[in-house]
Amino acid sequence: MIRSIAQKEFISTLRDRRFAVLSGLVLLLLLAATLVGRASFRTLQQERQLAQQTVNDKFRNQPARHPHRVAHYGSFAFRPKSGLSLLDGGVDSFTGSAVYLEAHQQNSINFSQAQQAGSLIRFGEMTVAFVLQLLVPLLIIFLCFGAFSEERATGTLKLLLSQGVTLRQVAWGKIRGYSQAVALVVAPALALAAALLFTGEEFAGGLDLVARLALFVAGYAVYFFVFVVGAVVVSAWQVSSRAALVTLLGLWILGGVILPKATANLGATLYPTITKAQMDAEVHDEAQHGIDGHDPHDQRAAALKADLFKKYGVDSEEKLPVSLAGVQMAAGEEYSAKVYQQHFAELNATYERQNRLSEWAGLLNPYQAIRPLSMSLAGSDFAHYVHFQQAAEAYRYGLVQRLNGLQASMGYGDKERRLDASTWQKLPVFSYQAPPLGWALPRLLLPVAALLLWAVGLCWLGLRLISNTSVS
Amino acid sequence: MTYLLEARELRKQYADKLALRGLNLQIAPGEIFCLLGQNGAGKSTTINLFLGFIQPTSGAAFVNGLEVAANPLEIKRHLAYIPENVLLYPHLSGLENLALFSSLAGFKYPESELPNYLTDAGLPAEAVRRRVGAYSKGMRQKVGIAIAVAKHAKVLLLDEPTSGLDPKASNEFSELLHRLSGQGTAVLMATHDIFRAKEVGTRVGIMREGELVDVRPTAALNAQELEQLYLTYIH
């Protein structure tokens, strides 16, 4: 019975000119967003690869220099785009893509697309995720708002039920039929995206990418299912098709616009972040005067000098087998890195708390459940950004300390000397490896649980409601 | 005697209105019972109670000896329903609509057999595969009849089935009802059409404000007498 009703809904939907026009538009948007996303991905990826190669070459090809000069010359780390970011750019457009790596300080990541784009970017980008998260639900609403109310108004519901079908069977048949119609619209775009992902030579994600894409598709399948069930339930609950449409559109605006904005504002109010200028001032102050005002820089330097004299049994800097400046640089770097790490950790924890609030809101709003899930699987969420940030800092710290070590090994009077150009060839260059899916999985638990709760809860509660709905 | 349709002290109270006041009714196999009455008299409520779409406040309705409230799905195997305006699914053809409703009722007919039900109900052969959206009301009503016939139901519940049909279509419909009653089908037809009721019915009942105020065999009255009787109760 369910199958027969599903087939009827599917065929009727396909033959409905309104659906053909709307779904054609959505499909075109999806295909366009996929192709534009891929073109943008390729351009950015090539630019970043070229830039990384260029700065790496320049770094390794420096002339004979003092190691501390090399540490200040620094390098850049460019964040490579993840394969699935062509489907969901996440926060990539707003976070930076490159970080300047130099001695003494941990710089923030700069050069985001949002900084270089016009104000229109604030209205959102036409990405596959945007179409899937907001426009496909709108299509589902227009597809399903009359599911029950129209049948009730025309009397066909009575005719159906008089054949010995239950209201639940009618509802499941409709849900199945509409789901097939939605799949018909979404599947070609996702198939195209998969083909682009797995055939493009620049995409080398292997099984990890396959697993991420599979979960991405599964996540959206549940998301659309929630909307189909929700729309069918509202259609049964409301007395007329018009009332059902108005209710569904109201819920769409609430879930897609008002709640996310309200949650973000609430998060920013509950967990405020400090400005960059404030943070720079605090970091500088703590590096100079010590964390919490204790252990100031000059006292630390004097203590280190005394320790070195004692260690080597000397009474002057000239007699030391190592460069005092080099050792002090290494100690200073260790201290300032600790200060920076502490501040960045606090800042990231604040952002995490803000994001977490939004993720919990997924229990109230499926849109806020699919967004973090989609971004995380695409490798374009805040956590993946922080992973890159930490990888870049680990590289910077290691490089600078290696250069400080080289300086220390030069002994007294190192400032008057230089190290051979071949020294820089032996230094490692920055190469970033994005985290695997397993790393991201714990972060997916809440949004996945929220989506599943929505699906199960709506089916359970909604179908109970439908069973008691009026036939005429 | 086993009645195919029976109402015992059937009562339906809505929030602000008593729609049915203790209806007692028995319809035997092969009988065509026509319910006459104004809008709001309780005709459609009676049909909805037999269909199980609404629950009685008290009393009970029976289909083929089964209480409707206790056997809401089982009783539907025994009855077919034709509403006043059969709208069907406009994006499907008459044949597809018939196939759908038949399959839901548990009948899977060979594709060669299905069109016969439609043409037997009076639908022109060339319209069988056309979408119902382009059908006239009479054509849709014929698909509704074909759906009911294809179900091989023992009971036919008709809610103003001839409303808006042209005289030829109404006449064909009457012939069909005679044919079905001849095969033992019990028919309960709610109608405003006194003359159609006289023509097809074996008994007529007049309803007023939720009450069955008079029941007469149609053979005992001519059309004028029935009209006079009806007007007496209505005014």
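Chain letters run A, B, ... following the sequence lines, proteins first, then strands; residues in each count from 1.
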What part of A:Gln169 gets within 4.5 angstrom of chain B, counting heavy atoms only: side chain, backbone, both, or neither?
neither

side-chain contact (heavy atoms from CB on, under 4.5 Å) partner of B:Leu157, the single match among B:Val63, B:Val187, B:Leu5:
B:Leu5

May I ask you to check whether over 12 heavy atoms, not counting those of B:Glu111, lie within 6.0 Å of atom CD?
no

Is the count of non-hydrogen atoms from other residues, nucleotides or ligands lying under 6.0 Å from B:Glu209 atom CD greater than 12?
no

What residues of residues 4-35 of chain A sit under 4.5 Å from chain B when only non-hydrogen atoms are counted?
A:Ser4, A:Ile5, A:Lys8, A:Ile11, A:Ser12, A:Arg15, A:Asp16

Please lay out, stage by stage, how B:Arg8 and B:Glu6 fare under the test salt bridge (Lys or Arg N to Asp or Glu O under 4.0 Å).
CA-CA 7 Å; B:Arg8 292 183 200 155; B:Glu6 187 175 4; 3.2 Å; yes

With distance as the sole criterion, is a donor-acceptor pair present between the side chains of B:Glu74 and B:Asn71 under 3.5 Å?
no

Tell me, side chain or backbone of B:Leu92 under 4.5 Å from chain A's heavy atoms, or both, or neither?
both

Examine whether an atom of B:Asn48 lies under 4.5 Å from a heavy atom of chain A, and if so say whether it belongs to the side chain, the backbone or both; otherwise answer neither.
side chain

The reported gap from CD in B:Glu96 to NE2 in B:His91 (rounded to nearest 0.5 angstrom) is 12.0 Å

Distance col, row A:Leu463:CG vs A:Ile466:CD1, nearest 0.5 angstrom, shows 5.0 Å

